[in-house]
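I have placed the structure first, in the form of structure tokens, so that the comments after it can refer back to it.
Lettering follows sequence order; numbering is per chain, from 1. Since the model is a prediction, treat every value here as computed from it, not as a measurement.
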Protein chains: 2
Amino acid sequence: MLRLSKRVEYGLMALQYLAKSGGVATAREISDAGQIPYELLAKVMQSLKHEGIIDSYQGVRGGYALLFSPESINLARVVRALDEHTTITECISPSGDHDACQMLHTCTIKAPMNKLQQRMEESIGSMTIAELL
Amino acid sequence: MLRLSKRVEYGLMALQYLAKSGGVATAREISDAGQIPYELLAKVMQSLKHEGIIDSYQGVRGGYALLFSPESINLARVVRALDEHTTITECISPSGDHDACQMLHTCTIKAPMNKLQQRMEESIGSMTIAELL
DNA sequence: TGAAATCAGACTATTTCAGTCCTATTTCCT
DNA sequence: AGGAAATAGGACTGAAATAGTCTGATTTCA
């Protein structure tokens with residue numbers, strides 16, 4: 001359960017790479033350096049862009065670069081960008097939309113799960129890309 | 001990624017039930033109360049027994065009961081009992097068996113992932129069954 | 001104008017997970 | 001003694017999530 005998806009793994013490696021290089025790097029370059037499947041990495045980079053973590057430049061001299069300093073990009077944000085469900089259970093939705101839970105009437109652990117969810121996010125959010133360097 | 005498996009969800013509900021009842025309860029009883037698929041719950045209970053969290057009694061007046069007070073059963077232990085991989089990535093194995101990582105030479109985020117793993121476990125481990133009551 | 005890059009969607013394959021089924025064993029009660 | 005009710009455990013199926021691939025379009029620079 002606690003396993004990070006490959007998308008997140010690859011995303012972290014890519015962000016680390018960008019932070020180290022300090023400038024613009026292409027998906028191909030990062031893929032080669034980390035032995036990451038190119039097409040998959042390309043998707044990951046697009047997601048990171050949509051989340052506003054990195055910027056992209058098209059064309060032959062294009063590539064990707066960080067939009068913020070490594071210290072100000074925390075891992076919770078990265079996970080949010082790259083994973084579908086960021087909640088511990090389906091009961092818990094970030095917007096407080098509790099109708100999503102199908103066991104609403106029988107679920108007896110919703111409140112504590114919310115607490116746990118919060119603590120987990122704190123754990124992940126307390127770490128930044130700077131700590132990957 | 002951060003989603004708890006059904007096994008863990010059901011396990012927590014069952015442990016909560018046992019803590020509340022204070023005594024012995026059957027899988028059927030717990031399954032009915034929580035609308036949990038009986039066969040699946042039965043498997044979960046077996047796993048919890050193997051981990052040494054609960055005790056079981058066979059036969060017609062049998063059932064399950066907690067082996068410890070709710071305060072002394074933390075959720076990290078429950079997760080460990082009910083989930084296959086308790087590590088954030090395959091690089092990280094609890095026993096320090098780093099050979100499991102197939103990207104050993106190219107993986108550049110192992111050390112920080114270990115740190116994250118530790119923090120996550122602390123989060124989960126800081127909560128006990130008592131907090132589900 | 002061509003090469004190298006991002007962008008985007010559809011698709012396939014694999015693995016994981018939830019759930020079911022079947023049988024054996026134990027234990028209590030009549 | 002025997003039946004009912006419970007745990008124990010293995011094998012199996014189906015569905016869903018994930019990883020990875022393929023194809024084509026667009027942008028930009030030299």
Atom-pair distance (NZ on A:K6; C1' on D:dA17), nearest Å: 15 Å
Separation of C:dG19 C1' from B:Q35 CD (nearest whole Å): 16 Å
Residues forming a side chain to side chain contact (heavy atoms under 4.5 Å, CB included) with B:V78, sequence neighbours excluded: B:L12, B:L15, B:L48, B:I53, B:I73, B:L82, B:I129
Spacing of A:Y38 atom OH relative to C:dA8 atom P, expressed in whole Å: 14 Å
Protein-nucleotide distance (B:D83, atom CG; C:dC17, atom P), rounded to Å: 7 Å
Between B:T128 and B:E71: side-chain donor-acceptor atoms closer than 3.5 Å: no
Residue A:Y10, side-chain atoms from C-beta onward, closest of D:dG20, D:dA19, D:dA6: D:dG20
Among D:dA19, C:dT20, C:dC7, the nucleotide that comes nearest once only the side chain of A:Q46 is considered: C:dC7
Protein-nucleotide distance (A:L2, atom CG; C:dT16, atom C1'), rounded to Å: 15 Å
Any residue of residues 54-65 of chain B with a heavy atom less than 4.0 Å from an atom of DNA chain D: B:S56, B:Y57, B:Q58, B:G59, B:V60, B:G63, B:Y64
Between D:dA15 (P) and B:L40 (CG): distance, integer Å: 17 Å
Flag side-chain contact, heavy atom, 4.5 Å: B:R3 against A:E90: yes
Presence of B:H50 side-chain N/O under 4.0 Å of D:dA8 phosphate oxygens OP1/OP2: no
Side chain of B:E39 (C-beta onward), nearest among C:dC21, D:dT21, D:dG20: C:dC21
B:E121 side chain to B:Q117 side chain, donor-acceptor N/O pair below 3.5 angstrom: yes
Touch class at under 4.0 angstrom, heavy-atom based, for A:A27 against every strand present: sugar-phosphate
Shortest non-hydrogen separation from A:G125 to A:N74 and the atoms involved: O-CB, 3.2 Å
Least distance between heavy atoms, B:L41 atom then B:A14 atom: CD1-CB, 4.1 Å
Interatomic distance, A:L4 CG vs D:dA17 P [rounded to whole Å]: 19 Å
Distance, rounded to the nearest Å, where B:E29 contributes CD and D:dA5 contributes P: 15 Å
Heavy-atom pair with the smallest gap, counting every atom of A:R77 and A:E51: NH2-O, 3.3 Å
Sugar-phosphate only, base, or nothing, as touched by B:K43 at under 4.0 Å among non-hydrogen atoms: base
